[in-house]
Structure formats: C-alpha cells, structure tokens
Amino acid sequence: MTGRHTLAASHVGVAVAAFGVASAMGAMLALSVADIQFPHRSESLYYIALTAHGVLMALVFTTFFIMGLGYALAQESLGRITGRGAAWFAFWLGVAGSVAAAVTILRGQSTVLYTFYPPLQAHPLFYIGATLLVVASWIWGGVMLASYRSWRRENPGVPVPLSIHGMLAAVILWYLATAGLAVEVVGMLIPWSLGLVGKVDPLLARIFFWWFGHPLVYFWLIPAYVLWYTVLPRVAGGKLFSDRLARMVFILLLLLSTPVGFHHQFADPGISAGWKLAHTVTTYAVLFPSFVTAFTVIASLEVAGRMKGAKGLFNWIGRLPWGDPFFASVALAMIAFVFGGFGGAINAAYAMNAMVHNTAWIQGHFHVTLGTTVALTFTGATYWLLPRLLGRELRFRGLARLQPYLWFLGMAFFSTSYHIAGLRGLPRRVFSASLNGEATTPWRTLTLVGAVGGVILFLSALSFLAVVLATWLSGQRIAAPAFEFAVPLRPATSLGLWDRFGLWTVLAVLLVAAAYAYPVFSLLAHPRYGSPGFRPF
Ligand code: HEM
Ligand SMILES: [Cu+2]
C-alpha cells in the first residue's frame, strides 16, 4: 500500500465492509416484505436487519467513505494531512463505536431503526457507539481544518483547490448538524437509556434528530458533488464549466441545508403550521444549488463530448466514456437524481406529503437519492480511488464495468415499485406486505417486483465487493496513477465572495438559530410529560 494513503484506504475499507454486510440485509428485507419465505424469516429478524441495514448504510458506510475521501483529497490537493496521529486515533474510535452499536443491534437489544426515535429504547451501548462514531468524525473535521490552515499559511491570497473548498463546506455543515444530534443523544437519550432519568420527550428528541437528519443528506451529497465537479469532467476528457458556480453551490448548501428539518415533521403535533411552512420554503431554496449542479456538470460533459469532436445537438452524449466504471457510476447516479429531485419536491410540499408520509414511497425515494445518487457515486469513486490509494491495478474490470448498470436496473425495479406501492398505501417498515388481509392484494405484485429488484441490487453489490477484494489482495502492483482533477474553463485566480468561509459560517449559524430558536423555546414552555422507554421484544 502506498504509505501516505494508508489512512484514506483504511477508511474506504471499513466503508466497503459496512456496505457489503448491509447489502445482504437489504436483499433479505426486500424478500421479507414480499412475503417470500427464507430460513429464519421472522418479525424480530426483520426489524433487527432493518435497523442494521439503515445504520450501516446511512451512517457507517457514508461517514467512513467521506472521511477517507477527505484524507485522500487533503493529501493530494493540499499536500498534507496535519494531525495524522489524531486521525488514526479517530479511525479506531469510529471503528470501535460502529462495532459496539452493530453488536447491540445484532443481539436484538437495539431494534430502534436508524432514526432511533424515542420512546423506542436501545441498549446504552448503541447510543454510546453512535456517539463515538460522531466524535471520530469531529476529529476528522479538525484534521481537515488543520490541514487547510497549514496550507493557507504557505499559500496566502489564492483560492483553495475546489475539491477542498467543497470538503470544508461539508466539515462546517457537519459540525452544525451534529450539534443537534449531540443535544438529543448525549443530553436526552444516553441518560434515559442508562436509567438516570425516567422519561424522555419524544417530540423534542425528534426535532433535534431532524435538525441533524436533513443536513446529513447534504453531508453525503457535498462529497458526491465534489467528485462530480472535480473528477468526473476529467475522466470524461473535458473541462469544468465554471469554478465560481461550483464554489457558490457548496456555500449555498452550507447555508440552506440545516434550517429545513421540519419538512420531516409535517405530521408531528406541537410545531405550528407557520414554522412548517417556513421550513418548506427553505427546502425549495436548497433545491436551487442542486439545479445549478445539474447545469454545470452536464455543461462540463458537453464540453468533453465537443472536445472529442461531437458537432450535433445531442451526439456528444455518445462520445462520453460509458464503459469506464467511474464515469458510468456517476452518470447513472446523476440520472437517478432527476427522479429523486421530482420525488423530493413532492415530499416537501405540505399537502402532498400527507399522501406519501410513512409509506413505502419514502423508501422508494431515498433509495434513488441516498441509495443510488450517493451510493453509486461512492462505489464508482472507489474504482477510481483504489489504484491511486493502493498502487494496484483494478481487477475484474469487466465486472466493474457491468456493476453500475446492474445497480441501476435493480433500483429501477425496486424503487419504482416501492414508489407506486406507497401511493397505494403500503406502509414503510412492515415485515410483510400481505398483512393477512385481502385488501392488500394490490401490494403483492408490486412488492414481488421490489424483491426482484432487491436481488439484482444484491448481485450488483457482490460484484462490487469482488472487484474491491480482488484488487486489494491481488491487483497487479503498478505505480499509483496521479490524482488528476478537472481544469476549469476559466480558473479562479483570486479570492472571491464564495471563499469567505468565516462570513458564511456565521451566517449559517444565524440561519439555524432563526429556524429553530422560537419553536424549541415555545415547546419547552409547554407542560411536558415524557415517555418511559419501550422495547418491541
Ligand atoms: C442491496 C441493495 C439494497 C436493497 C436490496 C435495499 C432494500 C431495502 C429495503 C427492502 C428496506 C426496507 C423497506 C421497508 O420495509 O420499509 C430498506 C431500508 C433502508 N435502506 Fe436499503 N436497500 C439497499 C441499499 C441501500 C443503500 C445503498 C442505502 C444507503 C446508502 C440504503 C439505505 C436504507 C435505509 C436508510 C433504510 C431505512 C431503514 C429504516 O426504515 O429504518 N439501502 N432497504
Ligand atoms: Cu430532509
């Protein structure tokens, strides 16, 4: 392994392992919902697997991958990782926390799903393990900031490389988001699970959870966008359409993605309609940077196609490297995001939300966004990263080429059928779609199609694992290829408005305060009764 990238590679390795275990559980869930029998199928196994799948995918896979990507980019774009010792400490802390949480889930002591809403109560080690993972990510953020400051001292007055600009936005956003999570978990859930306090206020806990839960989405998306802006145009053989627009996007995401959490709580009592509407408006505002991203990235790809000689209106699309595993993964991830965006706009609309709330539609929705746009970008990026991190040639290239298409196909079956089943009223998080009733017949075929999709997705995940494992263990040793980033059509040469991180951080904090201060204080002013903990089994 190339020494200076061991840290990044180790993080990617943990991410891949979490993804592998969670994928097997995903397939099991899809079979179970469709009422297909398999050995040991039971309600309790379903909820254990559902919790493990959600936690390992949404929290462990993503966080470890992003930390690894951050270290790789700091090493390459800044030429340093300042605080390697702390970074290794954080790595082991994050691993220990994730393992502790996973063990209590698999032992059936923490069947609280990845949202861990009280009054469902988990084993204290579940909350403590999750906290350790978050603390690890805070240390990662500190190392990223220290590396940046050290670089800045040597490079005054020039814009930081775009990839790091994006990662810094992600780090600041993460501190802002996890502040809410820390209040919930450390202030409320850990003392309650240890028996130090008898009752917990579920509504207050949910508010702090979604304070964290929505920016979490952008904590995943910003690193994905970093890859779209800084690596994809290069792999496609073109140039980045606009450096300035990309910087603006990262800052707008930092500002707008936290004050929106109530769009997950339209059905919750205790929050007034006016505040829910305010968060709806900011939700639509945060769509804007994603539209700009779609425009900029597609324009960059058009530049690539034209540089290869395409002349017609659309034939540049055919000139793109669809057989390259990284390119295909990211391009399909972007296509999936079109559907994710449509669905998201529906979810965020106050009235239409009532139709899809807590139905299978939601699972359909976030498997195209998180489960494809983000996951496929990260798995695709793993193909790009591995030779650079390990100094080994990718093994099973054919399989790597096929894998993103297989994922897209599986997801087309899975997500489409879950979207439709949700509109027909199938609740999310159910062990069986038949619910022993005849009224459920319209769900049977749809969930069967979903199960077919789940199996295809699992095969795709297995292909990915095979490529990664074979490359890691037996890929031919090569001189590690350089990290080549996309060159902008017009590079930014002087510091601009979007480079003023201090200013934007202050504004981001003020926006969060404006979005949450009044609703939280008015809730605290009411008499509150709280709930003891419950465990389903
Ligand atoms: C092998 C591919 C996958 C399959 C077959 C799959 C399947 C499923 C199924 C069937 C459910 C439960 C639906 C329900 O009954 O409510 C589910 C939930 C979930 N999945 Fe996946 N999934 C896959 C990949 C992913 C990926 C890549 C991610 C994210 C990176 C992800 C994140 C989640 C989350 C967060 C939940 C929600 C858990 C909860 O409701 O508490 N899944 N998945
Ligand atoms: Cu959200």
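Read the numbers this way: they start at 1 and go in the same order the structure lists the ligands and their atoms.
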Exercise. Atoms of ligand 1 less than 4.0 Å from Leu113 heavy atoms?
Worked result: 41 (O)

Exercise. Any luck finding a side-chain donor-acceptor pair between Thr104 and Ser110 under 3.5 Å?
Worked result: yes

Exercise. So which bit of Trp407 gets within less than 4.0 Å of ligand 1, heavy atoms only: side chain, backbone, both or neither?
Worked result: side chain

Problem set entry | Geometric class of the Trp275/Tyr518 ring pair [parallel <30°, tilted 30-60°, perpendicular >60°] | parallel

Seminar exercise, completed: Note: heavy atom closest to atom 36 (C) of ligand 1, options Phe19, Phe61, Tyr46, Phe366, belongs to Phe366

Problem set entry | Nitrogen or oxygen atoms of Arg429 and ligand 1 under 3.5 Å apart | yes

Exercise. Which ligand 1 atoms does Phe414 reach within 4.0 Å, using its non-hydrogen atoms?
Worked result: 7 (C), 8 (C), 9 (C), 10 (C)

Exercise. Does Thr115 reach ligand 1, in the sense of a heavy atom lying below 4.0 Å from it?
Worked result: no

Seminar exercise, completed: Per-atom filter on ligand 1: closer than 4.0 angstrom to a heavy atom of Val33 are 15 (O)

For this session: Return the name of the atom in His53, of element N, O or S, nearest to atom 21 (Fe) of ligand 1.
Result: NE2

Exercise. Below 3.5 angstrom, do we get any N/O pair linking Ser23 and ligand 1?
Worked result: no

For this session: Anything under 30° is parallel, anything over 60° is perpendicular, the rest tilted; go ahead and classify Phe208 against Trp211.
Result: tilted

For this session: On the 0 to 90° scale, with breaks at 30° and 60°, tag the Phe342-Phe339 ring pair as parallel, tilted or perpendicular.
Result: perpendicular

Problem set entry | Option nearest atom 32 (C) of ligand 1 (shortest heavy-atom distance, choices Met28, Met57, Met25) | Met57

Problem set entry | NE2 (His264) - the Cu ion (ligand 2) - NE2 (His263) angle, nearest 10° | 90°

Problem set entry | Cation-pi geometry met for Arg41 and Phe431 (6.0 Å, 45°) | yes

Exercise. Relative to each other, are the rings of Phe65 and Phe61 parallel, tilted or perpendicular (30° and 60° limits)?
Worked result: tilted

For this session: Compute the centroid of each ring, for Tyr71 and then for His11, and state whether the two points are separated by less than 6.0 Å.
Result: yes

Exercise. For atom 8 (C) of ligand 1, which of Gln363, His367, Arg428, Met411 has the closest heavy atom?
Worked result: His367

Exercise. Hey, is the main chain of Leu254 close enough, under 3.5 Å, to the side chain of Thr258 for a donor-acceptor pair?
Worked result: no

Seminar exercise, completed: The atom name of the N, O or S atom in His214 nearest to the Cu ion (ligand 2) is ND1

Exercise. Atoms of ligand 1 less than 4.0 Å from Gly454 heavy atoms?
Worked result: 5 (C)

For this session: Mind telling me whether Trp140 and Phe219 have parallel, tilted or perpendicular rings, with 30° and 60° as the class edges?
Result: perpendicular

Problem set entry | Numbered atoms of ligand 1 (with element) below 4.0 Å of Ala375, judged on heavy atoms | 27 (C)

For this session: Please write down residue, atom name and distance for the protein heavy atom closest to atom 11 (C) of ligand 1.
Result: Leu29 CD1, 3.8 Å

Exercise. Any side-chain heavy atom of Phe64 within less than 4.5 Å of one from Val95?
Worked result: yes

Exercise. Should Val430 and Leu426 count as side-chain neighbours, where that means a heavy-atom distance under 4.5 Å?
Worked result: yes

Problem set entry | Heavy-atom nearest neighbour in the protein, as seen from atom 38 (C) of ligand 1, with distance rounded to 0.1 Å | Leu50 CD1, 3.6 Å

Exercise. Which atoms of ligand 1 have any heavy atom of Ala30 under 4.0 Å away?
Worked result: 10 (C)

Exercise. Are Arg428 and Thr359 close enough that a side-chain donor and a side-chain acceptor fall under 3.5 Å?
Worked result: no

Exercise. Of all the heavy atoms in Ala27, does at least one lie under 4.0 Å from an atom in ligand 1?
Worked result: yes

